Asks: 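I have a structure I would like to understand better, so I am pasting it below and will then ask my questions one at a time.
Just the heavy atoms: all of them, side chains too, but no hydrogens, waters or symmetry mates, feed the values below. Note that the structure is a prediction, hence the values are computed from the model and not measured. Note that ligands are numbered from 1 as they come in the structure, with each ligand's atoms numbered from 1 the same way.
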Amino acid sequence: MDRPLRDLRISVTDKCNFRCNYCMPAEIFGPDHPFLPKNEVLTFEEIERLVGIFANLGVRKIRLTGGEPLLRKNLSKLIKNLVNIKGITDIGLTTNGIFLPKQAHHLYAAGLRRLNISLDALNDDIFKRLNGRGVSSKTVLKAIEMAKDIGFDVKINMVVQKGVNDQEIIPMAKYFYENDITLRFIEFMDVGNTNGWNLEKVITKREIFHLLSSSFELEEVEPAYFGEVAKRYKYKEKNAEVGFIPSVSESFCSSCTRARISADGNLYTCLFASKGYDLKKILRNEKDDDKIKDEIISIWNHRKDRYSDERMSRPKEKKQKIEMSYIGG
Ligand code: SAM
């Protein structure tokens, strides 16, 4: 498989203020959970050095994520430096939005333009239960509005689980249609081993599309570039789009151009990996960037992962996988 390396997702922290049941269930990520000690987490200088090396290798897009990336202190300082790295043309951030009111202006001033904000329901009872912290959807909606007013390009991520928030598909679609904001439905994925995933809880792109078709006229949009993950549709006579991330029902391993770095500097070539490559150790011991670059090339060229393609052919296998909050979504 010929899969160029183009995108890099960087988790800047493994901590989160939410306890979404499909990502960091509270029973597992309790008060005693051993999060990474500070000295294990990559410093901003280390992240910047790595991004420089990856840019040299052809990476153009960076996404900062977590955990909740806005829990990382002074994140706008990192962004300011990443924006200036030669070759990097696009920086995005995925967040639950709670800390945006305090930080959005700084992030924008630092050069960030793209935000993916996660919101799984408008209905407060459902959303409060889902985020595990009793936070109202109104708090996130206000953050979204503010981000739009500042000038950010905002997209909304909704993870859909059957019997949990599928009744929110149409209300969410209507709300964001009316507000001209792109909404993306993410199929519930079997990331990690703690979220109780099974296939029956997945609502597929096809099912959601079918539901939406009863309320909206949708036109397919051509992919903007090789390896684009979202399958996009435009609402007729609107700018806003609706998108799907069909990782379960229409896997896209063959065009996957993404590498991921966990908060403690492990490199992963697949979201469903069991094992990473310790880049932090190399970074902290090696002064020559070219040697680190060679190491990354070798890892990428030996990449054989295609977990989502193979998922259905080995449903009973119990593979140990890293957690989403650690590797970054
Ligand atoms: N804390 C940030 C947030 O809430 O957006 C960033 C990290 S979160 C892990 C990134 C994205 O991954 C979110 O949109 C979240 O809904 C999604 N996600 C987490 N677990 C998932 C799962 N099991 N299946 C599908 N999407 C998932």
Asks: Show me which atoms of ligand 1 lie under 4.0 Å from any heavy atom of Asn157.
Replies: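 What qualifies from ligand 1 is 14 (O).
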Asks: Look at ligand 1 and say whether Ser325 reaches it with a heavy atom at a distance under 4.0 Å.
Replies: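 False for this residue.
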Asks: Kindly state whether the ring of Phe244 and the ring of Tyr233 have centres lying under 6.0 angstrom apart.
Replies: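 Yes: the rings meet the under 6.0 Å criterion.
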Asks: By number and element, which atoms of ligand 1 are closer than 4.0 Å to a non-hydrogen atom of Thr95?
Replies: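 Here the atoms of ligand 1 in question are 2 (C), 3 (C), 4 (O), 5 (O).
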Asks: Kindly check if the number of other-residue, nucleotide or ligand heavy atoms within 6.0 Å of NZ (Lys238) is above 12?
Replies: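 Yes.
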Asks: Using a 4.0 Å heavy-atom threshold (strictly under), name the region of Asn96 that reaches ligand 1: side chain, backbone, both or neither.
Replies: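 Answer for Asn96: both.
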Asks: Tell me the contacting part of Thr94 for ligand 1: side chain, backbone, both, or neither, using a 4.0 Å heavy-atom threshold, strictly below.
Replies: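 Both backbone and side chain of Thr94 come within 4.0 Å of ligand 1.
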Asks: Can a salt bridge be assigned to the pair Glu200 and Lys162 using a cut-off of 4.0 Å between side-chain N and carboxylate O?
Replies: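 No, this pair does not count.
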Asks: Could you label the plane-to-plane angle of the His33 and Phe29 rings as parallel, tilted or perpendicular, counting under 30° as parallel and over 60° as perpendicular?
Replies: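 His33 and Phe29: tilted rings.
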Asks: Below 4.0 angstrom from a heavy atom of Ile186, which ligand 1 atoms are there? Numbered from 1 as shown, please.
Replies: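 This gives 25 (C), 26 (N) as the contact atoms.
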Asks: Are Gly67 and ligand 1 in contact, using a heavy-atom cut-off of under 4.0 Å?
Replies: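 Yes, that is the case, since the closest heavy atom of the residue is under 4.0 Å from the ligand.
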Asks: Count the heavy atoms of every other residue, nucleotide or ligand shown that sit under 6.0 Å from CG of Asn239, and state whether that count exceeds 12.
Replies: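 Counting neighbours around CG of Asn239, 12 or fewer heavy atoms of other residues, nucleotides or ligands fall under 6.0 Å, so no.
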Asks: Evaluate side-chain hydrogen bond (donor to acceptor under 3.5 Å, both in side chains) for Ser325 paired with Asp14, printing each intermediate quantity in order.
Replies: CA-CA 6 Å; Ser325 54; Asp14 60 333; over 6 Å; no
Asks: Does Lys275 qualify as a cation-pi partner of Tyr277, given the criterion of NZ or CZ under 6.0 Å from the six-membered ring centre and within 45 degrees of its axis?
Replies: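 Yes, a cation-pi geometry holds between Lys275 and Tyr277.
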Asks: For Asn195, counting its heavy atoms only, list the atoms of ligand 1 lying under 4.0 Å from any of them.
Replies: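 The list of qualifying atoms is 23 (N).
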Asks: Could you walk me through whether Asn17 and Asn96 pass the side-chain hydrogen bond (donor to acceptor under 3.5 Å, both in side chains) test, one step at a time?
Replies: CA-CA 9 Å; Asn17 51 319; Asn96 58 37; 3.0 Å; yes
Asks: Could you find the nearest protein heavy atom to atom 26 (N) of ligand 1 and give me its residue, atom name and distance?
Replies: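 Going by distance alone, atom 26 (N) of ligand 1 is nearest to Val159 CG2, 3.3 Å.
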Asks: Any N or O on Met189 sitting closer than 3.5 Å to an N or O of ligand 1?
Replies: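 Yes.
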Asks: Do other residues, nucleotides or ligands put more than 12 heavy atoms under 6.0 Å from the CD atom of Glu217?
Replies: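 Atom CD in Glu217 is not crowded, with 12 or fewer foreign heavy atoms closer than 6.0 Å.
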Asks: Among all protein heavy atoms in this structure, tell me which lies nearest to atom 20 (N) of ligand 1, with the distance rounded to 0.1 Å.
Replies: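 The closest heavy atom on the protein side is Tyr22 CD1, 3.3 Å.
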Asks: Using heavy atoms and a 4.0 Å limit, tell me yes or no: is Met158 in contact with ligand 1?
Replies: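 Flag not set, Met158 not near ligand 1.
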Asks: With a 6.0 Å cut-off (strictly less than), is the heavy-atom count around NZ of Lys148, excluding the residue itself, greater than 12?
Replies: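 Check passes, neighbour count above 12.
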Asks: Give the atom numbers and elements of ligand 1 that come within less than 4.0 Å of a heavy atom of Ser118.
Replies: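 This gives 3 (C), 4 (O), 5 (O), 13 (C), 14 (O) as the contact atoms.
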Asks: Within the 4.0 Å heavy-atom shell around Cys23, which atoms of ligand 1 are there?
Replies: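 Near Cys23, meaning under 4.0 Å from one of its heavy atoms, ligand 1 has 9 (C), 19 (C), 20 (N).
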Asks: What atoms in ligand 1 come closer than 4.0 Å to a heavy atom of Thr65?
Replies: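 Numbered from 1, ligand 1 contributes 6 (C), 7 (C).
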Asks: Can you pull out the closest protein heavy atom to atom 9 (C) of ligand 1? Residue, atom name and distance to 0.1 Å, please.
Replies: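 For atom 9 (C) of ligand 1, the nearest protein heavy atom is Met324 CG, 3.4 Å.
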Asks: Hey, is ligand 1 close enough to Glu68 that some N/O pair sits below 3.5 Å?
Replies: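 In this structure, Glu68 places an N or O atom under 3.5 Å from an N or O of ligand 1.
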Asks: Which label fits Tyr235 and Tyr177: parallel for a plane angle under 30°, tilted from 30 to 60°, or perpendicular past 60°?
Replies: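 Taking Tyr177 first and then Tyr235, their aromatic rings stand perpendicular (interplane angle over 60°).
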